Novice: 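Here it is, the structure, as structure tokens.
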Amino acid sequence: MYLLLAAHADGAALQELTADGTPHPATPVPRIVSSAELTGVVRGLEQRRPRWIWHRTQNWYPALLAAGVELERCYDLTLCGAILAHSEFTAHTAYAQNAEKLTQDEELQPPRALQPPPPPADQGALFDDPGLRKTPRHSPEDLRAEYAAQQEALSQAEGPGAERHGGNRRQRLQLLLAAESAGAMIAAEMQHTGVPWREELHEQILAGYLGPRPAAGHRPAKLEALTAELRQLLDSPSLNPDSPQELMRALHRNGIEVKTTRQWELKESSHPAIEPLLAFKKLSRLHAANGWVWLDAWVKNGRFQPEYVVGGVVSGRWASRGGGALQIPRQIRGAVHADPGHKLIVADASQLEPRVLVALAQDARMAEAARDKDLYAGIAAQGFGGDRAKAKVALLGAIYGATTGESGRLMPQLTRTYPRAVGFVEHAAREGEAGRTVTSRLGRSSPPPSDRWLQSQQSTSAEEQRRADSIARSRGRFTRNFVVQGSAADWAACWLAELRRRLRALRADGTPAGELVFFLHDEVMVHCPEAAVTACVRAIEEAANAAKELLFGKIPVEFPVSVAVVDSYDHAK
DNA sequence: ATGATGCGCGCG
DNA sequence: AAAGCGCGCGCATCAT
């Protein structure tokens, strides 16, 4: 069952559609539901397990969750439209070509019917959101047509050029759209739930590193002491060590000839001021980024509730807004603590990107190494005389496009042992250098070349040509990484969606189950009652294997998940 | 005063 | 030990 939910002046419009987006005979005209009755109506209809089709998950779902309504599945027109408008799998369709034309001619973002975002405004207290703009909204008919157009494009994905991607393009893209929409729901659910965060533990950690909480706008004691020490050691009585300019001058006056004030460059010097300076930088960062101010701003009632931005990174990774949710430093992870009677299950996919590369390239030799729980150890044994560190640097260098340093020097050695895997990323790099698009396993494509790249193609002089080559190589490094990072994001999206499905199934059975509370590229955190730990761990592992098979079928490559059951986040890993 | 940009550093 | 991919954020600094 497909149910369109659209904003309407009198509340919301509901319409049942068929799979291809035509109105269901039973509902030729949308049903208008007042804002007051909307929650109840949605809750009732959910019994029939529909796929809710809406403009943006973020416009509808948070308010429904706040009202206690959880839904099973949706179709996010904005996220799916963005994928379809750019995917190589649908590049030949009218949908993508119209979207492309609109972006170029009118500076509008695709998909065409969805710009600008319509607020589900005027829907009573439930949907009050002063942050939403009052802009022209889209009629149910606009959204229905948009959905039909997207389904049409999807159905054509098996078109010209399909063999280049090994077929199955429609199924893969369909899977990606489902996973992306599920991701949008998970993001809203995780924001609603929040990460369990013990404020008093956070404060203990801060006090340990920085001293007692200072008055607003003042440096904590430890930073004051280090500042005084640095002023003396560098003979600069008024130095502000937070200012790179002042710091640079002071360092130079003392014969410390650095070109930047970055940590790794400072570490080269043996001057007595370096050690306290590095300590200052470390603590200053903690204070500024995750200190008392952060705690006051972002943690409420024992929960950290960041906003996740699904589709926020072109590769398909999520971004986040507010509180630096994807950069929680190790120093303060001790504050992430399970509730009484609960545990945190922290699981991460071990060495995800190299394993994805093995599967993408179908490199049989590297697949042997990937049978090892520790892929880098396997690679080291095969081609690097057992030197794990070398194997790791070489492989990551291949994925990132390293040319210099140890990583660059190891490339020939890696290429000899694994010509297929290295050839795969080299090919992606050459495509990017030539201005072409590359695509993830499930069909998310890289953006077209930047204006900078296009302009550089006009170069005439030798100087301009060097510049053009540099810009091309930079794009090559991006597309080289895109195929791996993007496919890893495909895998992670499927992992997450499969895990959510299993956790919901456990709950529906009446089995105690945990809740997803955090997701970070290749890592998930489930907060669960102690009695549910075993079932949740199994769900996480089964979901990982399911994700592998959804992407690649039954292949002889493992995607092992390392699982830690802990009271606090700092005890994971 | 306010907004944009660059640096540096946190995470994967 | 290192400089190659993707982000967000706070501060200092520069431009308006």
Side-chain angles (χ1 to χ4, degrees), chain A residues 217 219 240-249 258-268 277-278 280-291 293-294 297-298 306-333 346 348-354 356-357 389-390 392-411 414 425 428-429 432 438 440 444 446-447 470 473-489 491-492 518-524 569 573:
Chain A
R219 282 200 175 109
N240 169 14
D242 274 321
S243 160
Q245 250 179 20
E246 284 186 43
L247 184 58
M248 189 81 90
R249 274 196 288 272
V258 285
K259 288 194 288 296
T260 72
T261 58
R262 293 189 190 116
Q263 286 175 8
W264 64 267
E265 201 179 333
L266 291 170
K267 279 177 191 153
E268 301 295 303
L277 176 55
L278 291 173
F280 178 91
K281 279 174 158 283
K282 192 92 188 151
L283 295 180
S284 174
R285 166 85 193 180
L286 174 64
H287 179 235
N290 295 98
V293 174
W294 181 93
W298 294 106
E307 180 186 353
Y308 299 91
V309 185
V310 177
V313 182
V314 285
S315 65
R317 279 186 171 183
W318 294 11
S320 70
R321 220 177 350 243
L326 306 187
Q327 308 136 252
I328 300 170
R330 292 180 178 279
Q331 283 165 310
I332 60 161
R333 291 188 179 185
V346 183
D348 79 279
S350 316
Q351 304 149 344
L352 178 60
E353 293 196 351
V356 164
L357 174 57
K390 263 191 184 176
K392 181 175 178 179
V393 163
L395 191 48
L396 290 177
I399 293 172
Y400 291 149
T403 51
T404 61
E406 181 176 11
S407 186
R409 285 194 297 279
L410 290 168
M411 283 295 288
L414 191 74
V425 285
V438 296
S440 76
R444 192 188 306 265
S446 63
S470 154
R473 278 196 303 274
S474 167
R475 178 170 161 81
R477 286 193 300 275
F478 168 65
T479 53
R480 168 198 295 269
N481 185 252
F482 183 97
V483 292
V484 178
Q485 188 185 113
S487 301
W491 180 90
F518 189 61
F519 170 61
L520 179 57
H521 309 321
D522 61 356
E523 175 180 328
V524 297
Y569 192 17
K573 283 192 189 176

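Just so it is clear, the values below take in all heavy atoms, side chains as well, and ignore hydrogens, waters and symmetry mates. Below, read A as the first sequence line, B as the second, and so on, with proteins coming before strands; counting in each chain starts at 1. This one's a predicted model, so the numbers in the text were calculated from it and none came from an experiment.
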Novice: Rounded to the nearest Å, what distance is computed from the CZ atom of residue A:Phe478 to the P atom of nucleotide C:dA3?
Specialist: 23 Å

Novice: With heavy atoms under 4.0 Å as the rule, sort A:Val484 into base, sugar-phosphate or nothing.
Specialist: nothing

Novice: Which part of the nucleic acid, if any, lies within reach of A:Ile328 when heavy atoms closer than 4.0 Å are counted: base, sugar-phosphate only, or nothing?
Specialist: sugar-phosphate

Novice: State, yes or no, whether a side-chain contact exists between A:Asn481 and A:Arg477 at a heavy-atom distance under 4.5 Å.
Specialist: no

Novice: For A:Arg444 and A:Val314, work out which heavy atoms get closest and say how close.
Specialist: CD-O, 3.3 Å

Novice: So, for A:Lys573 and A:Asp348, which heavy atoms are closest and what is the spacing to 0.1 Å?
Specialist: CE-OD1, 3.7 Å

Novice: Classify the nucleic acid contact of A:Lys390 as base, sugar-phosphate or nothing, counting any heavy atom under 4.0 Å across all strands shown.
Specialist: nothing

Novice: At 4.0 Å (heavy atoms only), tell me whether A:Gln263 reaches a base, stays on the sugar-phosphate, or touches nothing.
Specialist: sugar-phosphate

Novice: Nearest-Å distance, CG (A:Leu352) to P (C:dG6)?
Specialist: 17 Å

Novice: My understanding is that a pair needs two contacts under 3.5 Å, Watson-Crick or G-U wobble. By that rule, which nucleotide pairs with C:dG10?
Specialist: B:dC7

Novice: Output, in order, the C-alpha distance, side-chain angles, deciding distance and verdict of salt bridge (Lys or Arg N to Asp or Glu O under 4.0 Å) for A:Arg219 and A:Asp242.
Specialist: CA-CA 11 Å; A:Arg219 282 200 175 109; A:Asp242 274 321; 3.4 Å; yes

Novice: Is A:Glu268 touching bases, backbone alone, or none of the nucleic acid, heavy atoms closer than 4.0 Å?
Specialist: sugar-phosphate

Novice: Checking all strands, does A:Lys267 fall into the base, sugar-phosphate, or nothing category for heavy-atom contacts under 4.0 angstrom?
Specialist: nothing

Novice: Reading DNA chain B in the 5' to 3' direction, which nucleotide is the first one with an atom under 4.0 Å from a heavy atom of chain A, and which is the last?
Specialist: B:dG8 to B:dG12

Novice: With a 4.0 Å cut-off on heavy atoms, is A:Trp264 in touch with a base, just the backbone sugar-phosphate, or nothing at all?
Specialist: base

Novice: Closest heavy-atom contact between A:Tyr569 and A:Arg333?
Specialist: CB-O, 3.2 Å

Novice: Any sub-3.5 Å donor-acceptor pair from A:Ser407's side-chain atoms to A:Ala394's backbone N or O?
Specialist: no

Novice: What's the CZ-P distance between A:Arg480 and C:dG6, to the nearest Å?
Specialist: 12 Å

Novice: Any idea which heavy atoms bring A:Phe478 and A:Ser446 closest together, and the distance?
Specialist: CE2-CB, 4.3 Å

Novice: Please walk me through it: do A:Glu268 and A:Lys259 pass salt bridge (Lys or Arg N to Asp or Glu O under 4.0 Å)?
Specialist: CA-CA 12 Å; A:Glu268 301 295 303; A:Lys259 288 194 288 296; over 6 Å; no

Novice: Nearest-nucleotide wise, let me know which of A:Gly397 and A:Ala389 is further upstream toward the 5' end of DNA chain C.
Specialist: A:Ala389

Novice: Find the distance A:Glu353:CD to C:dG6:P and express it as a whole number of Å.
Specialist: 12 Å

Novice: With a 4.0 Å cut-off on heavy atoms, is A:Arg317 in touch with a base, just the backbone sugar-phosphate, or nothing at all?
Specialist: base

Novice: Taking all atoms of both residues into account, what is the closest heavy-atom pair of A:Pro241 and A:Phe280, and its distance?
Specialist: CG-CZ, 3.5 Å

Novice: At under 4.0 Å between heavy atoms, which parts of nucleotides 8-16 of chain C does protein reach? Answer with one letter per nucleotide, 5' to 3': B base, S sugar-phosphate only, - none.
Specialist: BSS-SSS--

Novice: Tell me the closest heavy-atom pair linking A:Tyr308 and A:Phe519, and the distance in Å.
Specialist: CE2-O, 4.1 Å

Novice: Rounded to the nearest angstrom, tell me the gap between atom CZ in A:Arg475 and atom C1' in C:dC5.
Specialist: 14 Å

Novice: If you find the nucleotide of DNA chain C closest to A:Ala402 and the one closest to A:Val314, which residue's nucleotide is nearer the 5' end?
Specialist: A:Ala402

